[in-house]
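Let me begin by presenting the structure, written as structure tokens, before commenting on it.
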Amino acid sequence: MAENYKTIPAFATASFIERKSEFIGYVKPVHTVQEAADFIAEIKQKHRDATHHVPAYILKDGQKRCSDDGEPQGTAGVPVLDVLEKENVVDVCAVVTRYFGGILLGTGGLVRAYSHGCKIALDAAGIVTRTYCLRQRLKMDYPFYGKVSNILPSYDIRIQETAFTDLVDLEYLIRPEQAEPFAKALRELSAGSLIPVTLGEEYADFADPPQK
């Protein structure tokens, strides 16, 4: 079964001042090396007069990269990448832009500043869990709709579409491990007439399942 993973839902940015240097953190969801490269180039173009643009990215397939972009070796790129790894996110590209304020921060100060720039941008974006799930469709006569609605809260299901025509047409996402128990419950309440159809597989944002 495919594994769930953590990522960010959208672009975000946050900034702070450290001893007159401005650090601006940017994060964006990316799925390929090219998308990451394009995002890094976009930030560099946006802040052409900045002193440094420190990038790092991690993809779901395991590819990752970082650069110090002229800062002392190991004080910028690795700390930004380390934040992404500690937060356990993938398919994320981060860029921390620095406008030098004239005061040297030292090795430890740079590590803390670049780490913080990435962390506050991630915090601004928020982290979500992409859950491997099944997209299913269930068609039913109207008398069954109330009964099905009553059992839905017992399962981790996200309704995507509901169409009311001659039948009720329900399209939803469900965790794979709950698909068969849900199908069994449907059979029991309908004497076997309600049979969900699996349309495909995808990742979606689900809350983490409750701890037992």
Side-chain angles (χ1 to χ4, degrees), residues 2-132 203-211:
E3 294 184 356
N4 302 339
Y5 65 95
K6 292 183 178 180
T7 189
I8 57 174
F11 167 88
T13 183
S15 64
F16 70 102
I17 305 293
E18 179 67 26
R19 299 177 71 181
K20 297 186 177 181
S21 281
E22 181 180 14
F23 291 84
I24 311 170
Y26 294 96
V27 291
K28 183 179 181 180
V30 295
H31 302 94
T32 65
V33 171
Q34 187 59 54
E35 286 184 12
D38 290 345
F39 178 57
I40 295 166
E42 176 186 337
I43 299 303
K44 288 183 176 181
Q45 178 66 22
K46 180 181 177 70
H47 297 284
R48 285 177 290 179
D49 56 340
T51 318
H52 302 282
H53 303 283
V54 173
Y57 63 79
I58 303 178
L59 302 182
K60 188 155 65 72
D61 65 8
Q63 295 185 83
K64 57 185 177 180
R65 177 182 175 272
C66 65
S67 168
D68 292 313
D69 194 42
E71 293 283 29
Q73 185 176 0
T75 63
V78 169
V80 171
L81 182 64
D82 189 51
V83 170
L84 298 181
E85 291 180 325
K86 285 181 177 178
E87 294 294 331
N88 199 29
V89 293
V90 294
D91 279 0
V92 176
C93 181
V95 182
V96 181
T97 291
R98 180 189 185 189
Y99 284 91
F100 180 56
I103 300 176
L104 297 176
L105 300 185
T107 300
L110 286 173
V111 170
R112 287 189 295 272
Y114 279 106
S115 297
H116 186 60
C118 181
K119 181 64 167 63
I120 60 176
L122 277 180
D123 289 344
I127 295 174
V128 296
T129 299
R130 295 272 195 248
T131 301
Y132 174 71
Y203 285 92
D205 298 344
F206 271 80
D208 289 335
Q211 297 297 316

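Everything numeric in this text was worked out from a predicted model, so none of it was measured.
- Using a 4.5 Å cut-off on side-chain heavy atoms (C-beta onward), Val128 and Thr7 make contact.
- Taking OG1 of Thr107 as the reference point, atom CD of Gln73 lies at 11.0 Å (rounded to 0.5 Å).
- Contact annotation: the side chain of Leu122 approaches that of Leu84 to within less than 4.5 Å [non-hydrogen atoms, C-beta and beyond].
- One finds the OG1 atom of Thr131 at 9.5 Å from the OH atom of Tyr5 (value rounded to the nearest 0.5 Å).
- Glu85 places a side-chain heavy atom less than 4.5 Å from the side chain of Lys64.
- Shown are Tyr99, Tyr114, Phe100; of these, the side-chain contact (heavy atoms from CB on, under 4.5 Å) with His52 is made only by Tyr114.
- Between Val96 and Cys118 the shortest side-chain heavy-atom distance falls below 4.5 Å.
- When every heavy atom of Ala56 is checked against every heavy atom of Gly77, the shortest pair comes out as CB-O, 4.2 Å.
- Relative ring orientation between Phe16 and Phe23 is described as parallel, the plane-to-plane angle staying below 30° on a 0-90° scale split at 30° and 60°.
- Note on Glu18 versus Arg112: no salt bridge recorded, every NZ/NE/NH1/NH2 to OD/OE distance being 4.0 Å or above.
- Contact record, Tyr203 with Tyr132: CD2-N, 3.6 Å, taken as the closest heavy-atom pair.
- The two residues Val89 and Ile127 have their closest heavy-atom pair at CG1-CD1, 3.8 Å.
- Looking only at distances, no side-chain donor or acceptor of Thr75 sits under 3.5 Å from a matching main-chain atom of Leu110.
- When all heavy atoms are compared, the tightest approach of Ile103 to Lys20 is CD1-CD, 4.0 Å.
- For the pair Asp68 and Gly74, the tightest heavy-atom approach, listed with the atom from each and the gap, is OD2-N, 3.0 Å.
- Remark: the backbone N or O of His31 is paired with a side-chain donor or acceptor of Glu35 at under 3.5 angstrom.
- Side chains of Ser21 and Arg98: a donor-acceptor N/O pair is present below 3.5 angstrom, by distance only.
- Atom-to-atom distance recorded for Ile43:CD1 and Arg48:CZ is 13.5 Å, nearest 0.5 angstrom.
- Checked by atom type and distance alone, the side chain of Asp69 pairs as donor or acceptor with a backbone atom of His53 at under 3.5 Å.
- Within the 4.5 Å cutoff, the side chain of Thr13 has heavy atoms near those of the Ile24 side chain.
- Annotation for Asn88 and Lys6: closest pair O-CB, 3.4 Å, computed over non-hydrogen atoms.
- Here His47 contributes atom NE2 and Tyr26 contributes atom OH; the two are 2.5 Å apart, rounded to the nearest 0.5 Å.
- Counting heavy atoms from C-beta on, the side chains of Cys93 and Ile40 come closer than 4.5 Å.
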